[in-house]
Protein chains: 2
Amino acid sequence: MLDARKKNVLLAIVQDYIATAEPVGSRTIARKYKLGVSPATIRNEMADLEEMGFIEQPHTSAGRVPSDRGYRYYVDHLMKHEELTMDEEKLVLNSYLSKVQDVGEVLRCTGNLLSQITNYTAVVLTTHYGKGRFKHIQIIHMGPGQAMVVLVSDSGAVQHRIIDVPDSIGPEDLDTISRVLNHKLQGKSIKNIRLTLIKEIYLELARQKHVLNMAMDLIRDGLDVKTGEKVYLGGIFNILNQPEFHNVEKVKTLLSLLEQEKELSNIIEGVFDARGVTVRIGEELENESIKDCSMVMASYGMDGKPVGGIGLLGPTRMDYARAYAVVDYITSNLSLVMERLLRGRGK
Amino acid sequence: MLDARKKNVLLAIVQDYIATAEPVGSRTIARKYKLGVSPATIRNEMADLEEMGFIEQPHTSAGRVPSDRGYRYYVDHLMKHEELTMDEEKLVLNSYLSKVQDVGEVLRCTGNLLSQITNYTAVVLTTHYGKGRFKHIQIIHMGPGQAMVVLVSDSGAVQHRIIDVPDSIGPEDLDTISRVLNHKLQGKSIKNIRLTLIKEIYLELARQKHVLNMAMDLIRDGLDVKTGEKVYLGGIFNILNQPEFHNVEKVKTLLSLLEQEKELSNIIEGVFDARGVTVRIGEELENESIKDCSMVMASYGMDGKPVGGIGLLGPTRMDYARAYAVVDYITSNLSLVMERLLRGRGK
DNA sequence: GTTAGCACTCAATATAATAGAGTGCTAACA
DNA sequence: TGTTAGCACTCTATTATATTGAGTGCTAAC
């Protein structure tokens with residue numbers, strides 16, 4: 001599709017623009033990238049590349065800038081895949097070693113790591129709660145009339161909630177209910193708990209009438225967990241270091257997007273089914289307010305099933321090779337950490 | 001200290017500047033605020049006020065702008081206290097009614113409310129975990145070799161953590177340990193748990209040797225909770241709507257502060273002991289990067305004891321009267337919500 | 001003590017001039 | 001036929017220069 005020299009010119013333009021954020025002229029390319037031809041020749045090639053839609057000109061007397069399509073071609077065909085430095089890998093491993101207490105903490109830490117290493121804004125997403133499967137429930141008696149429900153899903157999400165209980169119900173009753181629920185709910189999809197189980201619970205607990213009502217209430221209200229995903233952000237203000245965001249209006253539209261977690265999770269969920277790292281460039285993100293941005297994303301998970309995703313958000317001019325390497329390295333480690341966390345060291 | 005007319009002039013300057021963000025000239029005051037005197041007279045008063053340090057001039061041919069000291073005088077002596085509109089109060093109450101499941105959720109919601117109503121950036125802080133007192137612990141058996149520790153403090157914070165346990169320990173053993181710990185730790189300060197209890201636990205469980213080691217490990221590692229406060233932010237990007245932040249450099253220093261949770265919590269913790277709403281203006285915040293900002297803060301709590309604080313961050317030119325009213329209204333409601341949440345409806 | 005009047009200051013805006021980077025095209029060259 | 005030197009042209013960015021206008025401080029009169 002593109003002959004070797006055109007590829008080289010495009011590569012030079014993309015690399016130079018990523019590095020300098022200045023439109024790239026023919027002379028610069030000839031000087032810096034030694035393609036063995038004169039600026040005039042390069043100008044001809046550039047005219048062709050522009051006609052094909054890979055680069056564009058901000059105005060007549062400026063150099064060329066890659067278009068979304070140009071970046072896409074770069075990512076798909078020209079980009080050299082990088083690796084992290086030893087130091088960076090060590091940083092990641094150490095962070096994970098010291099934070100393996102709690103899923104939320106691990107994800108927050110992941111967001112910070114991502115942004116710290118890359119200087120881009122990081123987005124970390126946990127999967128929709130309702131998609132998980134039931135793992136364990138425990139109702140803990142905390143005092144007269146008060147109890148706490150703790151619900152754990154196989155994706156590692158833990159929900160807790162304080163509820164009121166009739167004074168007549170003691171710790172043993174709560175244990176009974178817990179046991180029955182655990183038995184009945186094993187492996188069920190959390191989203192469907194309410195629908196499927198009312199009858200069964202009824203039969204099981206019919207003999208202990210005073211406990212029954214409580215259990216029913218619990219299923220109706222207590223398990224009505226918030227089903228939203230959770231989004232962790234890291235390095236929000238990193239984006240301000242990019243020259244394309246020296247204008248406050250742009251920053252505003254971007255930040256207001258970052259506050260709408262719904263939008264973000266839609267974008268990232270779109271790549272859950274993809275293998276490995278996915279890059280969405282500019283308009284490919286299909287969102288007006290970040291049409292000048294790109295996102296490098298991947299999902300993490302257990303046993304090959306995704307339970308969440310991470311993404312790096314930067315200008316379309318971002319360093320894709322580096323972002324790609326970082327996202328790749330971190331997702332695979334994150335998946336390991338999650339498995340260890342949810343299954344215990346032995347397994 | 002200031003005669004009535006000077007007060008009126010100062011009030012006019014502060015109000016006008018808060019409303020317009022433009023330096024206020026003598027003519028504007030005479031026209032808009034009908035003090036019954038001519039611009040020339042006002043100029044004389046302004047010269048006095050400037051000499052006293054209440055106002056300053058950005059440059060010779062500009063109007064006057066309140067100084068930190070001017071705002072301070074305004075807040076202490078001139079400000080009229082406002083109330084929220086019915087609609088706003090309703091909004092707050094409704095939000096709280098629908099979110100009373102979980103402390104974290106309530107605080108996140110509070111951050112959003114604050115920023116939504118005021119258009120300033122909201123900071124919501126929970127108290128230092130170690131300062132709370134032990135309320136309940138439960139070790140839940142989740143499968144062979146795996147258990148979850150749930151720790152609740154009287155300030156409502158809940159910590160959960162998955163731990164490995166020896167395969168030889170079954171659910172009943174975990175119950176035993178839970179029971180002993182609950183008994184021994186009742187009401188103790190969480191920070192001191194480790195120091196005070198090792199001996200006692202030892203005596204209590206000496207007979208059940210196989211459980212003892214596990215309990216010891218738990219005390220040593222499992223209860224070593226993260227002691228940091230938690231900070232919830234709302235409406236970070238609201239600050240961008242203020243004309244004083246049209247310059248990206250300022251935004252950057254501010255946002256980088258907002259990412260340092262430590263700094264923020266120090267500021268807010270400083271007002272935990274104060275009754276009611278506290279206002280810190282500009283340099284009073286003692287932090288270089290927000291010397292052009294002010295914060296309106298208050299603590300919320302139970303039984304008069306603070307368990308956290310909230311704050312509104314805006315430019316020194318912020319609308320103190322309104323921020324004051326909002327912070328006041330929301331802290332008192334938040335305190336109620338927290339009490340209800342942690343004690344159950346009846347009490 | 002108050003006020004009108006006026007010269008003065010200084011940022012902000014508008015206007016013009018200049019420099020410089022980069023292009024596209026043409027014509028000559030290998 | 002592909003490559004290249006040369007050159008006129010375009011357009012932004014920068015700098016220099018006027019112009020405007022809000023607002024002041026001071027003085028002198030009321």
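Owing to the predicted nature of the structure, the values given are computational and were not obtained by experimental measurement. Below, chains carry the letters A, B, ... as their sequence lines are ordered, and counting in each starts from 1. Values below: all heavy atoms of this structure, side chains included; hydrogens, waters and symmetry mates excluded.
If you check the side chains of B:Tyr120 and B:Ser115, you find no donor sitting under 3.5 Å from an acceptor.
Rounded to the nearest 0.5 angstrom, B:Gln260 CD and B:Leu255 CG are separated by 11.5 Å.
To the nearest angstrom, P of C:dA21 lies 16 Å from CD1 of A:Ile29. Across the protein-nucleic acid pair, A:Glu56 atom CD and C:dT23 atom P stand 15 Å apart, rounded to whole Å. Atom NE2 in B:His59 sits roughly 13 Å away from atom P in D:dG25 (whole-Å rounding). In this structure, the CE atom of A:Met46 is 9 Å from the P atom of C:dG22, given to the nearest Å. Atom CG in A:Asn44 sits roughly 14 Å away from atom C1' in C:dG22 (whole-Å rounding).
Of the two residues contacting DNA chain C, namely A:Arg64 and B:Pro39, the nearest-nucleotide position lying further toward the 5' end is that of B:Pro39. Toward the 5′ end of DNA chain C lies the nearest nucleotide of B:Gly36, the other residue of the pair A:Ala40 and B:Gly36 mapping further downstream.
Checking each of A:Val327, A:Asp328, A:Leu313 against A:Val296 for a side chain to side chain contact (heavy atoms under 4.5 Å, CB included) leaves exactly one that passes, namely A:Val327.
With a 3.5 Å ceiling on both atom-pair distances, the Watson-Crick or G-U wobble partner of D:dC30 is C:dG1.
A close approach under 4.0 Å does not occur between any side-chain nitrogen or oxygen of B:Ser61 and OP1 or OP2 of C:dC8. A sub-4.0 Å separation between OP1 or OP2 of D:dT3 and a side-chain N or O of A:Thr41 is absent. For D:dT24, neither phosphate oxygen OP1 nor OP2 lies less than 4.0 angstrom from any side-chain nitrogen or oxygen of B:Thr60.
Side-chain atoms of A:Arg43 come within donor-acceptor range of the base of D:dG6, with a qualifying N/O pair under 3.5 Å.
At a threshold of 4.0 Å, the pair A:Glu284-A:Arg72 counts as salt-bridged, since one of the basic side-chain nitrogens sits closer than that to a carboxylate oxygen.
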